Amino acid sequence: MSDRLPDAPHLLVTGGAGFIGSELVRQVLARRDGTRITVLDKLTYAGNRANLAEVEADPEQAARFDFVHGDIADPDVVGLLIPNVDAVVNVAAETHVDRSILDPEAFLRTGVIGVHTLLEAARRASADGRPVRFLQVSTDEVYGDIERGRSRETDALAPRSPYAAAKAASEHLVHAYHVTFGLDTVITRGSNTYGPHQYPEKLIPLFTTNALAGEPLPMYGDGMQVRDWLHVRDHAAGIDFVLRHGEPGEAYNVAGGNELPNRDVIARLLEAAGRDWTLVRTVPDRPGHDRRYAMDGSKLAALGWRPRVAFDEGLAATVAWYRDHPDWVASARSGDWDAYYARQYGARLAAGQAVAMAEPPGEGAG
Ligand code: NAD
Ligand code: TYD
């Protein structure tokens with residue numbers, strides 16, 4: 001199987017101070033194979049330099065690492081950085097569906113203008129004789145709601161939230177630059193991801209931190225929506241694998257193989273946190289809420305990659321990580337957190353109802 005990057009490559013990882021990006025940086029630098037990484041990150045509410053502390057504290061890794069505070073939509077900074085790298089791994093995005101419903105504009109700015117800015121610089125550098133491989137990190141949400149079966153890479157994109165629409169727009173731009181300009185591109189579509197260092201606004205980190213604090217867990221609708229869960233270590237490993245072995249112009253599903261209704265996830269999470277269903281509230285549903293995501297991972301499996309982390313073990317370790325890092329959680333929940341929480345959940349929780357303690361979690365995947 002060919003390696004599509006030179007030895008000891010220099011990578012530009014955008015969004016490297018976030019959840020998945022920082023795991024990718026830690027994983028690749030810990031391999032100690034000479035790879036250099038420059039992170040470009042805007043440090044939005046979700047970006048946190050503390051996520052990269054491990055790398056910066058290790059002299060051998062720190063010598064192969066640079067951090068640049070900036071925006072992927074800024075052509076000046078992007079134009080300076082890209083001519084020096086062998087590959088761009090675009091992890092940067094606005095990533096929370098609920099925030100995309102409250103305020104879609106930032107999603108489009110980063111997902112469309114930002115991605116275009118990166119692609120232009122990569123096209124120019126490649127045309128000037130410095131070939132740049134471009135990996136776009138995407139999501140299973142571009143396929144939209146899938147009632148049965150599993151989405152394959154050849155399926156049409158049918159995004160339904162502003163977040164998913166911005167991600168699909170990014171993908172279309174990336175594909176257009178491959179077809180039109182011959183840019184060497186690959187796309188990964190990852191499942192719902194969980195693990196340490198995730199900003200505590202999405203289902204697993206929000207419900208974990210709320211459960212540990214004894215606060216209510218706002219479950220949307222009937223809680224029977226199905227997601228496929230992928231541990232962050234596997235997600236980062238899948239991105240790294242596609243970067244080195246993916247065929248130019250192709251997209252790859254990075255599936256977790258853990259399709260579960262939200263109720264099941266919540267029940268397992270409560271058990272790991274030592275809490276019970278008295279904390280759960282059913283609250284008014286998310287508008288346009290996708291009922292089910294499920295992906296077929298066989299294309300990447302045929303290339304030789306599979307996820308490794310078992311869901312229950314990954315979840316228990318994640319809950320333990322949040323329990324052991326109260327300072328990290330407190331810092332994430334500073335700044336605008338209270339205003340966001342009130343806007344997103346205030347009226348919902350006021351209208352919500354307690355879920356009876358005896359109510360069993362839902363059965364099986366949908
Ligand atoms: P995150 O919200 O934890 O981190 C995003 C990072 O991008 C932050 O560090 C932020 O500061 C940075 N960023 C945002 N806008 C930027 C800009 N304009 N310029 C530079 N940096 C910017 O996100 P995550 O959960 O780690 O997701 C990373 C990627 O993976 C995203 O592209 C997301 O769409 C995709 N993805 C996430 C999941 C998931 O469940 N978390 C699943 C599938 C795909
Ligand atoms: P989320 O983690 O936001 O990921 P996504 O919407 O990208 O799949 O949500 C996962 C599931 O959990 C989804 O069905 C919505 C549900 N959910 C709740 O029930 N309550 C919440 O407070 C959140 C954030 C999510």
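Sequence positions, counted from 1, serve as the residue numbers for this chain. Excluded from the calculations below are hydrogen atoms, water molecules and symmetry mates; all remaining heavy atoms, backbone and side chain alike, are included. In each ligand, atom 1 is the first atom listed, and ligand 1 is the first ligand listed. Since this is a predicted model, take the numbers as computed values, not measurements.
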Part of Glu201 with heavy atoms under 4.0 Å of ligand 2, whether side chain, backbone, both or neither: backbone
Side chain, backbone, both or neither: Leu203 near ligand 2, heavy atoms under 4.0 Å: both
Sub-4.0 Å heavy-atom approach of His96 to ligand 2: yes
4.0 Å heavy-atom contact, Tyr345 with ligand 2: yes
Polar side-chain atom of Asn253 near backbone of Ser151 as donor-acceptor pair, under 3.5 Å: yes
Between Tyr199 and Asn51: side-chain donor-acceptor atoms closer than 3.5 Å: no
Thr185 and His175: side chain donor to acceptor below 3.5 Å: no
Tyr143/Tyr293 aromatic ring centres below 6.0 Å: no
Check: Trp305 ring centre within less than 6.0 Å of His245 ring centre: no
Under 4.0 Å to a heavy atom of [X] - the qualifying atoms of ligand 1, by number:
X	value
Leu43	11 (O)
Asn192	40 (O)
Gly18	3 (O), 4 (O), 8 (C), 9 (O)
Asp71	17 (C), 18 (N), 19 (N)

Val89 reachable from Ile37 in the ILVMFWY side-chain graph, under 4.5 Å edges: yes
When you compare ligand 2 with [X], is there at least one nitrogen or oxygen pair between them that comes in under 3.5 angstrom?
X	answer
Asp98	no
His289	yes
Pro218	yes
Asp290	no
Trp229	no
Arg227	yes

Parallel, tilted or perpendicular: rings of Phe311 and Tyr194 (30°, 60°): perpendicular
Tyr220 six-ring face occupied by Arg286 cation (under 6.0 Å, within 45°): no
Pi-cation contact, Phe107 with Arg99 (under 6.0 Å, within 45°): no
